[in-house]
Amino acid sequence: MNRYKFTVVASSAFASVLCVVTFAYGHEIVGEVTPLMIHMQRVLILIENSKDESALDSAEKIFEDFEVPEGRTTEAGIKTNAVRVDKKYGFDLNVKIGASIRQGLTGELQKGLRQLSFMLMLEKFDVLEATFDDRINDPGVQRTIFWLGRNYFSYLLEPVMGKLNPIEEKRLDRLLDKMLYRLEDGEWKEFIEIRKELSEDISDFFKLSVPVRN
Amino acid sequence: MKRLISCISLFVGLLLITGDLIFAAHVLEPVGTEIAATPPRGRMFAQIEYVYSKDDPDGMVEMKTHSIGLEFEIGVGERTQLNLEIDVVVDRTMGDENTCGLNEYAVGVKHRFLDETETLPDMAFLVEVAPGTGLTNNESELKLDLLLTKNFNNKFLTHFDIGYILETEIEDDEAEHASIVVYNIAPIYRLIPDKLLLVAELNGVSNTETRTDAISVAPEVIYVYGNNAIKVAVPLGLTDDADDIGFRFALSRLY
């Protein structure tokens, strides 16, 4: 093997090892992507590609709690999550999403799933904000909760936004970065202000409802 | 031909190994153009690049260069990054002469001072210093760069950077200065948004001292997967002062 080949192979192998060994979801997705998120994303992509029948079929399978073959565990389905969100924020997502699946209204299903993703993100941020008052707040736990919330945006809403309006998508991505910095710096008030701005901007973009906060 | 095949095999192999597709929010920078975006605070962008170029400067002797470039961009603030670039010549052949070794290293700071809006681009400036070392032992550089990025619609965006380099060469204890202007324009078409990007880079270097203008165009493909990217570019010289042809292959990752 001459020097050229050795260089190319060695450098590429080194870079590949770096990429593969440390392969994590990185900037966009940090931490857990739940099976429900994966399935919801699939449904949204199918709707986007006008594969209505497959989308409805896939949504029906995850509406009730469903089994995950790999871990042989039961995952909370759309209904369980929607009922919890409805109860907490006074919505009727469970009824709306259920009806859209039964009646084959993919437009309504898409809107319902986006609203649910948005609410699940806000729910995590509410949990996070509740820790601000605690005397003992573990920064590691706070970051984990933050990413659990952010992932709903990054995984289910951001890709569509990036396709339609990359400038707005970049702005909101940076806004989320800013929220993380404020969290890491313990600047709770600023965090809450940015969260408010983020919620309004996401709801404006996707025409979603924002829950009234106490 | 063997070289081309080995490179293509590596490219395909890497695609297979790392083929898990995740959406990426960031458009990673083209190989020859600096972008205005900075990595998030506490994160690092790393890139390893193989560069091959072929030229016959005087029309008589052919010069072939194989080099490896390493680039690290560390987000140290909400809008500020530290840069470290290392360029190693693995093999430069010109006639019977062979050269290899550290070509140069550069350290710098980039600060984004304007965020993109509907009308205004992302804007940043970069200050970089490359001390004389290795193969450029008696040459040092100070570079000032203005960087812009603008999305024109959901399919097209352009990166643009224009820089001034003050090059100082020490010859027999005397310092000689040269002013160099560099400019790079990289229009990008998002063929598959967040996954596959087509780029057409225009790279120019104008040296007032040697009165040379090296201008090249480089069609490029960027394949993004999650926070990783594979980039392949083929620079083609448009002027006599530019390398005739080249090949660039880079792997990038945001840590």
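Throughout, protein chains are lettered first and strands after them, A, B, ... in sequence-line order, and every chain is numbered starting at 1.
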With only heavy atoms counted, which part of [X] is less than 4.5 Å from chain A, the side chain, the backbone, both or neither?
X	result
B/Lys155	neither
B/Arg112	side chain
B/Glu118	both

More than 12 heavy atoms from other groups under 6.0 Å of [atom1] on [X]:
X	atom1	answer
B/Arg79	CZ	yes
B/Glu62	CD	yes
A/Lys96	NZ	no
A/Glu67	CD	no

Looking at B/Glu49, B/Lys150, B/Glu116, which makes the most heavy-atom pairs under 4.5 Å with chain A?
->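 The candidate making the most pairs under 4.5 Å is B/Glu116.
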Is there a donor-acceptor pair closer than 3.5 Å between any side-chain N or O of A/Tyr181 and the backbone N or O of B/Arg41?
->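 Yes, the answer is positive, given that a donor and an acceptor are paired below the 3.5 Å cut-off.
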Does A/Lys163 offer a backbone N or O that forms a donor-acceptor pair with the side chain of B/Asn154 under 3.5 Å?
->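 Looks like yes, one N/O pair under 3.5 Å.
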Minimum heavy-atom distance between A/Pro166 and B/Asn151, given as atom pair plus value |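 That closest heavy-atom pairing would be CB-OD1, 3.7 Å.
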To the nearest 0.5 Å, what is the distance between [atom1] ([X]) and [atom2] ([Y])?
X	Y	atom1	atom2	answer
B/Glu78	A/Asp185	CD	CG	7.0 Å
A/Leu164	B/Asn153	CG	CG	12.0 Å
B/Thr149	A/Ile167	OG1	CD1	11.5 Å

Any side-chain heavy-atom pair from B/Asp122 and A/Lys170 closer than 4.5 angstrom?
->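 With C-beta onward as the side chain, the pair touches.
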For chain B, which of A/Arg171, A/Glu184, A/Glu168, A/Arg174 has the most heavy-atom pairs under 4.5 Å?
->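 It is A/Arg174.
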